[in-house]
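For reference, the structure discussed in these notes is given below.
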Number of protein chains: 2
Amino acid sequence: MQKKANVSQSTVSRVFTPGASVSEKAKRKVLQAAEELGYRPNALARGLITKKTGMVGLAMKDIQNPFYHEILGMFSEKLRKRGYTVLFVYTENEEIQQEEINHFLEYNVEGVIVTDALLSSKVVTRLHDNNIPITLFNRYDKHLSCNSVYCDNIRASKEIASYLYAQGCEDIVFITGKINTSTSRDRQLGFTSYLKNKGIDAAILEGDYTYEKSYHVTNEYIKNNRIPDAIFGANDITALGALDALKK
Amino acid sequence: MQKKANVSQSTVSRVFTPGASVSEKAKRKVLQAAEELGYRPNALARGLITKKTGMVGLAMKDIQNPFYHEILGMFSEKLRKRGYTVLFVYTENEEIQQEEINHFLEYNVEGVIVTDALLSSKVVTRLHDNNIPITLFNRYDKHLSCNSVYCDNIRASKEIASYLYAQGCEDIVFITGKINTSTSRDRQLGFTSYLKNKGIDAAILEGDYTYEKSYHVTNEYIKNNRIPDAIFGANDITALGALDALKK
DNA sequence: CTGAAAGCGCTTACAG
DNA sequence: CTGAAAGCGCTTACAG
């Protein structure tokens, strides 16, 4: 490549480094040669020396919720616009495996994003040791020291409770998601605490964010009780399952 | 690292290369030091020299079809099990952009998989020039020379037509997907050709794989015609849109 | 503005 | 079985 353009390796490098000082003439020569050869700087070599690999690890658990599909699209797009590319890992297991994190480490990702999956503290430590920032999406963990972005589920579910209360509902059911997720816990907490204040004890059915489970538990419930005034599901999938059980 | 284990760089490398000849003793020393230091071989450096980066590029177009979410999970899992990690790109645009392919090239992916997106022939050439195999999933293109895996949509839709015919349906509608996709074209072809043989002309409504469009066209259709005996949508989303239009 | 040299962390012949 | 050396394709001081 540098032969073709008749300049040094350094100059080639400068042409592809925004803000580096190169003469217009050298730039033209290099760009033209690059065009002819189909040359592109090797990201691996660059990453090796600069320690900036331009990659971000994204881990996501395999579930049916289409919401996360959308999320994946957003992350991918926004990251690309900022010059990052995503190294993607689907985790089948509940906790993100050491093996999967190892991939992130080996490729020197500049950060990792975890959505809808759990992290063992060992894994977090490992990442920290390598100075790789990690952020949790839509969940948090008091015991883990990492950034996280999530919504105020407690407040939101209080609002839902308040709405239902205002409608005059009294016989109310809450169907949980996976009980070890902060999202489900918070929604339950906000919901029930509001109602308790008003003297209402919501019935709690244990779900796990799947359609099937939710269908099943509401089915069982309505067999033995009268149809409640309202059911609040921990997420959309849960609500769908309950809805279909009621229809039947 | 090699200092800690008191061996040469070469030996360290051999320990992490399956099948290389290292003594048990050296292996133990290295593994132990690695454990203490949290050492992992740098995949970038390795990729740079071996030309095997262990990465596969996966491009997917941003659509609502949950089917592709599942597909993504499968690809990701299977690839990981074979030692590959996936470099993921969501494409918003119809055709996969040069820019996005450049990413794949810069990182020296060992192959690229394209699902639900179009490829310009320029991009294919570019990839070919770099000896990067590319495979299309669930679509094909006569003009492009690349591998592809897809189902026999023509035959499948013939079978659907034959089923409807056997049920005695005569007034039949087909709602297309995006007309420039092989999937939609083949489904239409198989479906209508079978029916034409039986003397039935199916009405064709042009959709684009979205729920909204499908809802709209069937709505318009039933305003001006009587309700058909059967509607065949080019995919699930299309069928859903039609279904809801009918319900109303 | 430009080039020669060193170095990023690995692998791979080559000797021993 | 093991180590020294060269090299993968880049970037980055250092001189000029």
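Reminder, nothing fancy here: chain letters follow the sequence lines and each chain counts from 1. In what follows, every heavy atom counts, from backbone to side chain, and hydrogens, waters and symmetry copies are set aside. Values in this document were obtained by computation on a predicted structure and should not be read as measured data.
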What residues, two or more places apart in sequence or in another chain, satisfy salt bridge (charged side-chain N to carboxylate O under 4.0 Å, His left out) together with B:R80? A:E92, A:E99, A:E100
Please determine whether a side-chain nitrogen or oxygen atom of B:S8 lies at a distance below 4.0 Å from atom OP1 or OP2 of D:dG3. yes
For the pair made of CG in B:N42 and P in D:dC10, what is the distance, rounded to whole Å? 16 Å
For B:F137, enumerate each residue passing the ring-ring contact (aromatic ring centres under 6.0 Å, His included) test, keeping only those at least two apart in sequence or located in another chain. B:F75
Under the ring-ring contact (aromatic ring centres under 6.0 Å, His included) test, residues paired with B:F104 that sit two or more places apart: none
Listing for DNA chain C: consecutive Watson-Crick or G-U pair runs of at least 3, distance cutoff 3.5 Å, ranges ordered by first number, gives C:1-3 with D:14-16, C:5-12 with D:5-12, C:14-16 with D:1-3
Would you please name every residue forming a side chain to side chain contact (heavy atoms under 4.5 Å, CB included) with A:K51, sequence neighbours left out? none
Hey, is the side chain of A:Y107 poking within less than 4.0 Å of OP1 or OP2 on C:dG9, counting only N and O atoms? no
Nearest atoms (heavy-atom pairs only) where B:G38 meets A:R126: O-NH2, 3.8 Å
Presence of B:T11 side-chain N/O under 4.0 Å of D:dG3 phosphate oxygens OP1/OP2: yes
Whole-Å distance between C:dC1 P and A:K29 NZ? 15 Å
Could you check how far NZ of B:K51 sits from P of D:dG7, rounded to whole Å? 14 Å
Take atom CZ of B:R28 and atom C1' of D:dT2, then tell me their distance rounded to the nearest Å. 17 Å
Starting at atom CG of A:N130, determine the distance to atom P of C:dG9, rounded to an integer number of angstrom. 13 Å
Qualifying residues under ring-ring contact (aromatic ring centres under 6.0 Å, His included), relative to A:Y107, sequence neighbours excluded: none
Listed by chain and number, what are the ring-ring contact (aromatic ring centres under 6.0 Å, His included) partners of A:F88, not counting sequence neighbours? A:Y90, B:F88
Would you mind reading off the distance between A:L48 atom CG and C:dG9 atom C1', rounded to a whole angstrom? 5 Å
Give one of base, sugar-phosphate or nothing for B:A26, where a contact means two heavy atoms less than 4.0 Å apart. sugar-phosphate
Tabulate below the donor-acceptor pairs under 3.5 Å that side-chain atoms of residues 11-22 of chain A make, not counting sequence neighbours, or state none.
residue, atom, partner, partner atom, Å
A:T11, OG1, A:S8, OG, 3.3
A:T17, OG1, A:S13, O, 2.8

Contact state string [nucleotides 11-16 of chain C, B base, S sugar-phosphate only, - no protein heavy atom under 4.0 Å]: BBB---
May I have the distance from B:Y39 (atom OH) to C:dC8 (atom C1'), rounded to whole angstrom? 13 Å
Answer yes or no: is there an ion pair linking B:R28 with B:E24, defined by an N-O contact shorter than 4.0 Å? no
Between P on C:dT2 and CD on A:E24, what's the gap in Å once rounded to a whole number? 10 Å
